[in-house]
Amino acid sequence: VLGKIQGSFIKRMRSRRDVEANRPSIDHVRLAGPVASALDAIQNDPAVAFVEPNYRIERYDTSNDTYYTSGSLWGMYGDDAPVCGPSGTTNKYGVDAEEAWSLGYTGSKSVYVGVIDEGVDFNHPDLAGNVWVNPYEAVDGIDNDGNGYVDDVNGWDFYNKDNTVFDAADGDAHGTHVSGTIGGRGGNGAGVVGVNWNVSLIPTKFLGPTGGYTSDAVSAINYLRDLKTRHGLNIVASSNSWGGGGYSSSLHTAIIRAAKQGILFVAAAGNASSNNDTTANYPSNYTTLQGTSIETAASYEAVIAVAAITSTGALASYSNYGATTVDIGAPGSGIISTVPNSSYASYSGTSMATPHLSGAIALYASVYPYATAEQIRSALLGSAAYAQDPAPRAPTPGSVTGDWNGAHAPSDDKQYTEKVTVPVGSAASTSVAPPPVDTGVAANNLRAGTTSVRAVYVPGIGDTYPGITTDPQP
């Protein structure tokens with residue numbers, strides 16, 4: 001038979017029990033010529049029961065979660081090039097997570113994201129299973145893993161100074177909402193889906209009903225860094241949808257030290273409709289390329305400042321912007337996600353844009369587990385699609401859309417070094433020709449000059465607290 005098709009034997013596909021029972025064998029052979037010719041040559045051979053191609057099988061996943069299939073989760077949609085997802089799930093200004101899912105990239109529990117925010121309702125049906133459980137700790141009144149936090153089985157509450165990372169009395173809707181965007185469970189036929197169907201979220205609550213304080217934010221960052229160095233957890237980023245206060249050397253130091261352990265700091269750009277190039281606010285104004293009085297600079301920029309865009313690709317009216325201080329835009333208006341008590345709600349703000357980027361970082365890290373933090377940052381900023389903003393303001397960067405099918409491995413990092421620049425003080429992004437969309441390479445964020453980028457969060461339309469603020473909640 002092999003002579004008829006000029007083939008060579010690869011393997012016989014039957015088990016030991018098949019041999020013992022003398023069942024007919026199925027042989028896998030390699031062909032020298034076209035498959036169609038081989039089929040014609042032997043399909044009528046009496047010695048052959050059947051012949052068929054060795055079909056290539058690909059993983060693919062399509063969310064069946066109700067808010068996704070109903071056309072409501074525009075932030076997860078893409079341009080349908082290639083076509084993926086059900087009808088009504090197309091928006092070229094989404095993060096194109098659905099394309100990644102269709103290729104079998106749905107995240108990994110071995111990738112961790114710290115949620116530095118309010119608490120997280122870990123019993124929500126779309127979050128249960130994706131909130132970290134500390135395998136080195138037990139609820140026994142003892143600090144079993146020696147990190148200084150007793151019974152931190154899911155994270156830590158720096159606001160209330162205890163291990164309860166969700167407090168219904170505090171609300172904790174904001175932290176629960178951003179968590180659903182990063183890692184709402186997918187494929188369970190209900191509710192929403194996050195950028196990652198599978199991920200490990202580490203709640204580090206430091207915000208309460210009246211805001212929070214810088215000292216607790218520092219403690220939250222240090223807690224994540226310790227988990228990574230103490231236990232080897234693959235914490236790739238912290239998601240920071242908050243801001244306020246002046247420059248803090250202690251917070252800057254904590255961000256740099258986390259960066260040196262490979263933890264990116266993703267920060268909301270702010271909701272004051274203001275130019276972050278001229279008004280410095282924190283924490284997203286920090287840069288890890290500049291040291292403090294007690295800590296030297298990191299070798300790369302770990303801060304990523306995120307503006308909010310609308311479903312039409314425009315800079316959201318409330319979003320801060322800045323040619324040199326905002327890195328990228330992401331879906332931030334009308335974002336439906338998880339809130340406490342097994343519920344869902346639509347929020348708007350740069351707080352909602354930030355977890356889209358944090359989720360994209362985690363998803364990329366699951367595909368390329370050996371990528372460094374610097375490589376992940378470069379890859380995502382380098383593959384952003386151009387988003388046109390007609391407003392007479394400094395340009396918003398490209399949105400975090402991209403071609404997952406053509407996503408570059410970290411070894412291609414050199415392709416992300418070129419920057420598209422605009423003159424300092426340029427009024428609008430129309431001053432340069434838009435880069436091509438979905439190339440995966442050249443559609444980088446627009447900014448003036450080629451220096452590293454910093455950004456600011458200004459809580460302009462949220463409630464004002466004496467310390468830290470979050471976006472308003474409808």
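Numbering starts at 1 and runs along the sequence shown. These values consider heavy atoms only, across backbone and side chains, with no hydrogens, waters or symmetry-generated copies. Because the structure is a prediction, the values reported are computed rather than measured.
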Non-neighbouring partners of A128 that pass side chain to side chain contact (heavy atoms under 4.5 Å, CB included), sequence neighbours left out: none

In terms of heavy-atom contacts, V367 and P369 come closest through O-CD, 3.3 Å

My understanding is that only residues two or more places apart in sequence, or in another chain, count here; which of them pass ring-ring contact (aromatic ring centres under 6.0 Å, His included) with Y149? W156, F158, Y223

If the condition is side-chain hydrogen bond (donor to acceptor under 3.5 Å, both in side chains), which residues does N134 pass it with, not counting sequence neighbours? D145

Restricting to side chain to side chain contact (heavy atoms under 4.5 Å, CB included), what partner residues turn up for A373, sequence neighbours left out? L264, Y300

Can you find a pair of side-chain heavy atoms, one from I255 and one from V303, that are under 4.5 Å apart? yes

side-chain contact (heavy atoms from CB on, under 4.5 Å) between S311 and Y93, intermediate numbers included: CA-CA 6 Å; S311 59; Y93 299 111; over 6 Å; no

Would you kindly say whether D80 and T90 are connected by a side-chain donor-acceptor distance under 3.5 Å? yes

Could you tell me which residues satisfy ring-ring contact (aromatic ring centres under 6.0 Å, His included) with Y67, sequence neighbours excluded, listed by chain and number? Y344

I'd like to know if the side chain of S358 pairs up with that of S239 as donor and acceptor (distance under 3.5 Å, no hydrogens or angles considered). yes

Keeping the roles fixed (side chain from H231, backbone from L233), state whether a donor-acceptor pair exists under 3.5 Å. no

Under 3.5 Å: donor-acceptor pair, side chain of S102, backbone of C84: no

Show the numbers, then the answer: is there a salt bridge (charged side-chain N to carboxylate O under 4.0 Å, His left out) between D65 and R185? CA-CA 9 Å; D65 304 275; R185 292 176 57 201; over 6 Å; no

Looking at W242 and I116, would you say the former's side chain and the latter's main chain have a donor-acceptor pair under 3.5 Å? yes

Can a donor-acceptor pair be found between the side chains of S343 and N341 at a distance below 3.5 Å? no

Distance-only side-chain donor-acceptor flag, N130 / N198, under 3.5 Å: no

Between D327 and A305, what is the shortest heavy-atom contact and its length? OD2-N, 2.8 Å

If you compare all heavy atoms of A365 against all heavy atoms of V236, which two are closest, and at what distance to 0.1 Å? CB-CG1, 3.8 Å

Checking side-chain contact (heavy atoms from CB on, under 4.5 Å) for the pair N144/Y136: CA distance, chi angles, key distance, verdict? CA-CA 7 Å; N144 295 279; Y136 309 100; over 6 Å; no

Side-chain touch V165/N154, heavy atoms, less than 4.5 angstrom: yes

Applying salt bridge (charged side-chain N to carboxylate O under 4.0 Å, His left out) as the test, list every pair that has at least one member in residues 192-207; sequence neighbours left out. D157-K205, D167-K205, D170-K205, D172-K205

Close side-chain approach of L380 to I304, heavy-atom, < 4.5 Å: no

Here the pair of heavy atoms bringing A302 nearest to T288 is N-OG1, 2.9 Å

Are P125 and N188 close enough that some pair of their side-chain heavy atoms sits under 4.5 Å apart? no

Keeping N196 on the side-chain end and G359 on the backbone end, is there a donor-acceptor pair under 3.5 Å? yes

List the residues meeting side-chain hydrogen bond (donor to acceptor under 3.5 Å, both in side chains) with D151, not counting sequence neighbours, and say none if there are none. none

Do T338 and D121 make a side-chain contact, defined as non-hydrogen atoms from C-beta onward lying under 4.5 Å apart? no

Tell me, please, which residues at least two apart from N222 pass side chain to side chain contact (heavy atoms under 4.5 Å, CB included). V218, R225, A254

Take I235 and V113 through the test side-chain contact (heavy atoms from CB on, under 4.5 Å) and record every step on the way to the result. CA-CA 6 Å; I235 302 173; V113 175; over 6 Å; no

Identify, with sequence neighbours excluded, every residue that meets side chain to side chain contact (heavy atoms under 4.5 Å, CB included) alongside S200. K109, Y112

Check whether E137 reaches the backbone of V153 with its side chain - one donor and one acceptor, N or O, closer than 3.5 Å. no

Can you tell if the side chain of H124 reaches within under 4.5 Å of the side chain of V339, non-hydrogen atoms only? no

As an exercise, state the distance from OH of Y68 to OG of S72, rounded to the nearest 0.5 Å. 12.0 Å

All heavy atoms of P283 vs all of L251, minimum pair found to be CB-CD2, 4.0 Å

Enumerate the residue pairs fulfilling salt bridge (charged side-chain N to carboxylate O under 4.0 Å, His left out) with a member in residues 258-270, sequence neighbours excluded, ordered by first and then second residue. K260-E295

Under the salt bridge (charged side-chain N to carboxylate O under 4.0 Å, His left out) test, which residues partner D226, sequence neighbours left out? R230

In short, G189 meets N64 closest at the heavy-atom pair N-OD1, 2.9 Å

For the residue pair H174 and S241, confirm or rule out a side-chain donor-acceptor distance under 3.5 Å. no

Check against side chain to side chain donor-acceptor pair (under 3.5 Å), Q375 and Y368: CA-CA 10 Å; Q375 289 171 332; Y368 298 110; over 6 Å; no

Whether S319 side chain and A308 backbone form a donor-acceptor pair below 3.5 Å: yes

Donor-acceptor contact present, side-chain D143 to main-chain G148, <3.5 Å: yes

Student check: side-chain heavy atoms of N147 and L227 closer than 4.5 Å: yes

Would a distance-only check, ignoring hydrogens and angles, find a side-chain to backbone donor-acceptor pair under 3.5 Å from Y77 to L73? yes

Answer yes if the side chains of Q261 and T229 hold a donor-acceptor pair under 3.5 Å, and no otherwise. no

Counting only pairs under 3.5 Å, give me each side-chain donor-acceptor contact of residues 330-337, with atom names and distances, residues two or more places apart or in other chains.
residue	atom	partner	partner atom	Å
S333	OG	Y318	OH	2.9
S337	OG	H177	O	2.7
S337	OG	T181	N	3.3

Distance-only, no hydrogens or angles: does the D162 side chain make a donor-acceptor pair with backbone N or O of T164 under 3.5 Å? yes

Ring centres under 6.0 Å, that's the criterion: do Y105 and Y364 meet it? no

Using ring centroids (six-membered ring only for Trp), state whether F122 and W132 fall under 6.0 Å. no

Quick one: does D152's side chain have a donor or acceptor within less than 3.5 Å of a partner on N163's backbone? no

Does the side-chain contact (heavy atoms from CB on, under 4.5 Å) test come out yes or no for T69 and T89, once each step is laid out? CA-CA 7 Å; T69 57; T89 63; 5.8 Å; no

Side-chain donor-acceptor pair under 3.5 Å between Y159 and E118, yes or no? no

L127 versus T176: any side-chain heavy-atom pair under 4.5 Å? yes

Would you tell me whether N320 and N276 have side-chain atoms, one donor and one acceptor, within less than 3.5 Å of each other? yes

